[in-house]
Amino acid sequence: MSIVTVQLGQCGNQIGFEVFDALLSDSHSSQGLCSMRENEAYQASCKERFFSEEENGVPIARAVLVDMEPKVINQTLSKAAQSGQWKYGQHACFCQKQGSGNNWAYGYSVHGPRHEESIMNIIRKEVEKCDSFSGFFIIMSMAGGTGSGLGAFVTQNLEDQYSNSLKMNQIIWPYGTGEVIVQNYNSILTLSHLYRSSDALLLHENDAIHKICAKLMNIKQISFSDINQVLAHQLGSVFQPTYSAESSFHYRRNPLGDLMEHLVPHPEFKMLSVRNIPHMSENSLAYTTFTWAGLLKHLRQMLISNAKMEEGIDRHVRPPLSGLPPRSKMSLNKDLHFNTSIANLVILRGKDVQSADVEGFKDPALYTSWLKPVNAFNVWKTQRAFSKYEKSAVLVSNSQFLVKPLDMIVGKAWNMFASKAYIHQYTKFGIEEEDFLDSFTSLEQVVASYCNL
Amino acid sequence: MTQSVVVQVGQCGNQIGCCFWDLALREHAAVNQKGIYDEAISSFFRNVDTRVVGDGGSISKGKICSLKARAVLIDMEEGVVNEILQGPLRDVFDTKQLITDISGSGNNWAVGHKVFGSLYQDQILEKFRKSAEHCDCLQCFFIIHSMGGGTGSGLGTFLLKVLEDEFPEVYRFVTSIYPSGEDDVITSPYNSILAMKELNEHADCVLPIDNQSLFDIISKIDLMVNSGKLGTTVKPKSLVTSSSGALKKRHKKPFDAMNNIVANLLLNLTSSARFEGSLNMDLNEISMNLVPFPQLHYLVSSLTPLYTLTDVNIPPRRLDQMFSDAFSKDHQLLRADPKHSLYLACALMVRGNVQISDLRRNIERLKPSLQFVSWNQEGWKTSLCSVPPVGHSHSLLALANNTCVKPTFMELKERFMRLYKKKAHLHHYLQVEGMEESCFTEAVSSLSALIQEYDQLDATKNMPVQDLPRLSIAM
């Protein structure tokens, strides 16, 4: 089944390009460590999911590019065409002349309704090209104006017009300081709206990926293109084909559906995050070997201690022992806090994957009490290696990972809202103080729900 | 891609404008090697086939035929505009986009605003409409003027109201040259305060600049260039004050160096909107992020580096130095010390080969020494444009919404009161039809209200930041 990607705003388009590039390079990689037939099945599955009929043999990404100003889309289209390996569809983009000015209200209330028809038309054409349609993957940031505001509007429209299809939003969490001044306002408006209309929110923090680039990949002068490539690697390792069961003969048909089924058992809990190991520069890769036991032990500790990468993991955090009195509610201030999960999915790719032992993830202490581990934990194993890594493991988790960052953003936005700073920029385009209050209320609810796990 | 129209009013405005167009052409010539009329150039220039008579000559794509500036030149004396039209830039301007008169405004805001305003209102409107028609998507008017004189100050602020009524959705960015203490126009305090009221009410964003600061920057550069230290030869094109490589090769005029600084300011301000980069910043984002309350729209600017040395052996610690310099009071284009006042918001617009990690490192480094208002502790807006300015490998423009503008305004008010208490020169104003004493009192109270807003913010400066109680949810 195919996934249609919608790339929104500068961030969405820049990342989207890297994702398709990573997917196709991996698919063409010669280091699959598996049989040729296996490789071919993998390539075919990847192609069906993300690319459509070749035109002169060049695969065309199943994507719709949307931005309110032309520079980024032009760049993205030409970079793809230059690669010679793939490209975007000729009529798959929608572009305007003047951007959204980092204003969520402008993206949502002005650009949205104004361009609704054109955008939905392009999306429909792309969906019609799919033989069998799995759902939407929407890439956007929440700090700016187009990705966030127009993204929220488009997702709502997709909910209305394609209520039977799944929607996963890939959202970029901005750096804690210094991208956009009104990023906290834009973020809370985006998250509260998407919580209602999207099926799952896959959140990536710029700060976390920046650290991965600095500490693990040893990049000296980190550019956005480096950051986007790490992100694309993480997403690729989630979305590339995987087997449906232990001893299956074909790749999963419905990636989005399966992800949602495993990870979003309850609509109140939609925030997912990704942890991927190993990450390292190509130079180091040649000299390192891994064992599944080692990788999985790290990954498990990353999950428990809420670490974002495999360095600096806090080893002291342990799951509570059974038989002891129930833990008190999660305090947002405690450092040594244990990260409770609702559901986890581990995807393993590479050599000897069948021997990997994931029992550690089935410990009931890791999970909240209202879901049995047998339902809360799943593992997908695939022989075919991903992107030059002989063994790689990725964890997609619905857990308390994002509570602290979310709480911080809500706090900062609340402080700013109390002084009424910048509110006139939003009321100018129809987003009133009440809308802000609604957003605050919904997000406080989400924070409270996750804290109470 | 959007277009912007530059409106240059009065002697000062037109002289700066002239430098701006010169440097803009130089920048585009450096970037656009193939001579194709692309979207970046179209933001400030039209491509016109001059063989076609009348209006039909605009060409939207393909090779550059003849570039015409998207500008409206207004002056109530003919001297400056005539000189521009006889100079090397004459072909860049469309002669239909001029409004001139003969007698001048006599350094009298009332004459500029009331007399010439009403006289030329229709013509002004017509020129604006024409320039808007030539634009696919007009985003911004850049108004350049001085505050101390008559035309720039009076007529310049009159047309703000016209623009607001006629083009309510188009941003009005005003670059205002404020009079220094030793200004030779006696009535400049009157003119400035009367103009400030209009700026308060009708401008979206104001970039105040004063001559003394520009002069200080030039002295600093001269000192540097003439110091004779080893390895301190400066690349001529890189001087923020120079127009080397541009069209105007004629005899340098006294204000040229200072005007070039302002021209560079405008070029850097719009660079991320015109050229590509990994983190773009359009003009509407400036207003959105830097103006937390409608009246507080005065932004103090600083440009670094002021020059680039030719000696390539000097190590590139310049990058971090560039960031530090942007916050020092020697680099501000207004006499102000932002480091010791309260920041409401700050924008860093970087050009050239600088990546996000460099930006982040410097923000982390400088943050502790800067005071931000309690509700905007992380009030940074950043942008990365890949195209550096001519002569540099990278540059930084910092725009600060900071309470350090307050002393400038307070000083202006004091000079005003000294004259006003004695009713000095008042009759020149009151004899103009439409002017009454109430115009003066209203203007002063508008300024006083603004100063009070800054006062209130300053009062919060050293208070501890408290987290406000949050909404509590019933579970």
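Naming: A, B, ... by sequence-line order, numbering from 1 per chain.
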Heavy-atom pairs under 4.5 Å with chain A, option from E378(B), E276(B), R470(B), Q355(B) with the top count
R470(B)
Might you point out which heavy atoms bring S278(B) and F224(A) nearest each other, and give the distance in Å?
OG-CD1, 3.6 Å
Checking V182(A) against K381(B) for the side chain to side chain contact (heavy atoms under 4.5 Å, CB included) test, could you report, in this order, the C-alpha distance in whole Å, the side-chain angles of both residues, the deciding distance, and whether it holds?
CA-CA 9 Å; V182(A) 290; K381(B) 165 72 181 156; over 6 Å; no
Closest heavy-atom pair and its distance - F293(B), A421(A)
CZ-CA, 3.5 Å
In short, I181(A) meets A345(B) closest at the heavy-atom pair CD1-CB, 3.5 Å
Residue-level contacts of residues 205-220 of chain A with chain B, using a heavy-atom cutoff under 4.5 Å
D207(A), H210(A), K220(A)
Check each atom of L384(B) against the heavy atoms of chain A and say whether the ones under 4.5 Å are side chain, backbone, both or neither.
side chain
Donor-acceptor pair, distance only, cut-off 3.5 Å: does the side chain of N289(B) make one with the backbone of V180(A)?
no
Shorter than 4.5 Å, heavy atoms on both sides: which option in L348(B), D282(B), N376(B), I363(B) has the most such pairs with chain A?
N376(B)
Can you tell me how far the OG atom of S223(A) sits from the CG atom of N353(B), to the nearest 0.5 Å?
9.5 Å
Quick check for you: among A273(B), P294(B), S374(B), which has the greatest number of heavy-atom pairs under 4.5 Å with chain A?
P294(B)
If I take atom OH from residue Y175(A) and atom OG1 from residue T382(B), how far apart are they, to the nearest 0.5 angstrom?
9.5 Å
Given heavy-atom pairs under 4.5 angstrom as the criterion, report whether the side chain, backbone, both or neither of Q221(A) touches chain B.
both
Contact list (residues 69-78 of chain A to chain B, heavy-atom gap under 4.5 Å, by number) returns E69(A), P70(A), K71(A), V72(A), Q75(A)
In terms of heavy-atom pairs under 4.5 Å, which option from A347(B), C137(B), A40(B), S383(B) contacts chain A the most?
C137(B)
Contacting moiety of R361(B), where chain A heavy atoms sit under 4.5 Å:
neither
Can you tell which part of Q377(B) gets under 4.5 Å to a heavy atom of chain A, answering side chain, backbone, both or neither?
neither
Looking only at heavy atoms, the pair that brings Q10(A) and N280(B) closest together is OE1-N, 2.9 Å
Does any N or O in the side chain of R360(B) come within less than 3.5 Å of the main-chain N or O of T177(A), such that one atom is a donor and the other an acceptor?
yes
Tell me the residues of residues 426-434 of chain A whose non-hydrogen atoms fall below 4.5 Å from those of chain B, in number order.
Y426(A)
With a 4.5 angstrom heavy-atom cut-off, could you sort out which part of V291(B) is near chain A: side chain, backbone, both or neither?
both
Quick one: salt bridge (charged side-chain N to carboxylate O under 4.0 Å, His left out) partners of E453(B), sequence neighbours excluded?
none
Nearest 0.5 angstrom please: D136(B) CG to Q98(A) CD, how far?
11.5 Å
Heavy-atom distances under 4.5 Å only: say whether T441(A) touches chain B with side chain, backbone, both or neither.
both
Please report the closest heavy-atom contact between N415(A) and W375(B), naming both atoms and the distance.
O-CB, 3.7 Å
